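Remember, it's a predicted structure, so these values are computed and weren't measured experimentally.
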Amino acid sequence: MPWTLTAEGVTVTVRATPRGGRDAIDGIVELGDGRRALKARVSVAAEDGKANAALAKLLAKAAGLAPSRVELLAGATGRTKSFRLAGDAQEIAARLVRLADAAD
């Protein structure tokens, strides 16, 4: 899976597509280095952090969290990003599994 459970919640790797037409999670994708990532698209362009903010909001909604509980850890200017979803790790992971399964 493209996420890791931590004491604070879940750290998730995301492959982002800005200007993707709509805000959605499209399943899980394998990256060139063999890692897996949650494939997500947002409708806004990648300028001034707007796409990162839209991704954080999308992840918060998907995980059933307040947007303030989602933090970008790495990849602010790249397509592959790492986010921390703060909260009950087991519950968040279960939501992500259901979401990824539904998208595939």
Test side chain to side chain contact (heavy atoms under 4.5 Å, CB included) applied to Ile25 and Leu59, step by step: CA-CA 9 Å; Ile25 294 177; Leu59 289 170; 4.3 Å; yes

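For Lys61, the salt bridge (charged side-chain N to carboxylate O under 4.0 Å, His left out) criterion is met by no residue, not counting sequence neighbours. Contacts of Ala66 classified as side chain to side chain contact (heavy atoms under 4.5 Å, CB included), with partners at least two apart in sequence or in another chain: Ser68, Arg69. In this structure Asp48 satisfies the side chain to side chain contact (heavy atoms under 4.5 Å, CB included) test with no other residue, sequence neighbours excluded.
Linking ILVMFWY residues whenever their side-chain heavy atoms come closer than 4.5 Å, directly or via other members, places Leu5 and Leu99 in the same cluster. Both Leu72 and Leu96 belong to a common hydrophobic cluster when Ile, Leu, Val, Met, Phe, Trp and Tyr are linked at side-chain heavy-atom distances under 4.5 angstrom. A single hydrophobic cluster is seen to contain both Leu65 and Met1, as judged by linkage of ILVMFWY side chains at heavy-atom distances under 4.5 Å, directly or through other members. No chain of hydrophobic side-chain contacts below 4.5 Å, direct or via other Ile, Leu, Val, Met, Phe, Trp or Tyr residues, connects Leu31 to Leu55.
Residues Ile28 and Pro2 share a closest heavy-atom pair of CD1-CD, 3.7 Å.
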Ignoring hydrogens and angles, write down the donor-acceptor pairs under 3.5 Å from the side chains of residues 7-14, residues two or more places apart or on other chains.
residue, atom, partner, partner atom, Å
Glu8, OE1, Thr6, OG1, 3.4

Can you give the donor-acceptor pairs under 3.5 Å from side chains of residues 37-46 to other protein atoms, not counting sequence neighbours?
residue, atom, partner, partner atom, Å
Arg41, NE, Asp26, OD2, 2.8
Arg41, NH1, Gly20, O, 3.1
Arg41, NH2, Asp26, OD2, 3.1
Ser43, OG, Asp23, OD1, 3.3

Donor-acceptor pairs under 3.5 angstrom involving side-chain atoms of residues 76-89: please list them, not counting sequence neighbours.
residue, atom, partner, partner atom, Å
Arg79, NE, Ala16, O, 3.0
Arg79, NH2, Ala16, O, 3.3
Arg79, NH2, Thr17, OG1, 3.1
Lys81, NZ, Asn52, OD1, 2.8
Lys81, NZ, Gly75, O, 2.8
Lys81, NZ, Ala76, O, 3.2
Lys81, NZ, Gly78, O, 2.7
Arg84, NH1, Glu71, OE1, 2.7
Asp88, OD1, Gln90, N, 3.1
Asp88, OD1, Glu91, N, 2.8

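Within the structure, the salt bridge (charged side-chain N to carboxylate O under 4.0 Å, His left out) test picks out the following pairs touching residues 50-60 (sequence neighbours left out): Glu47-Lys50.
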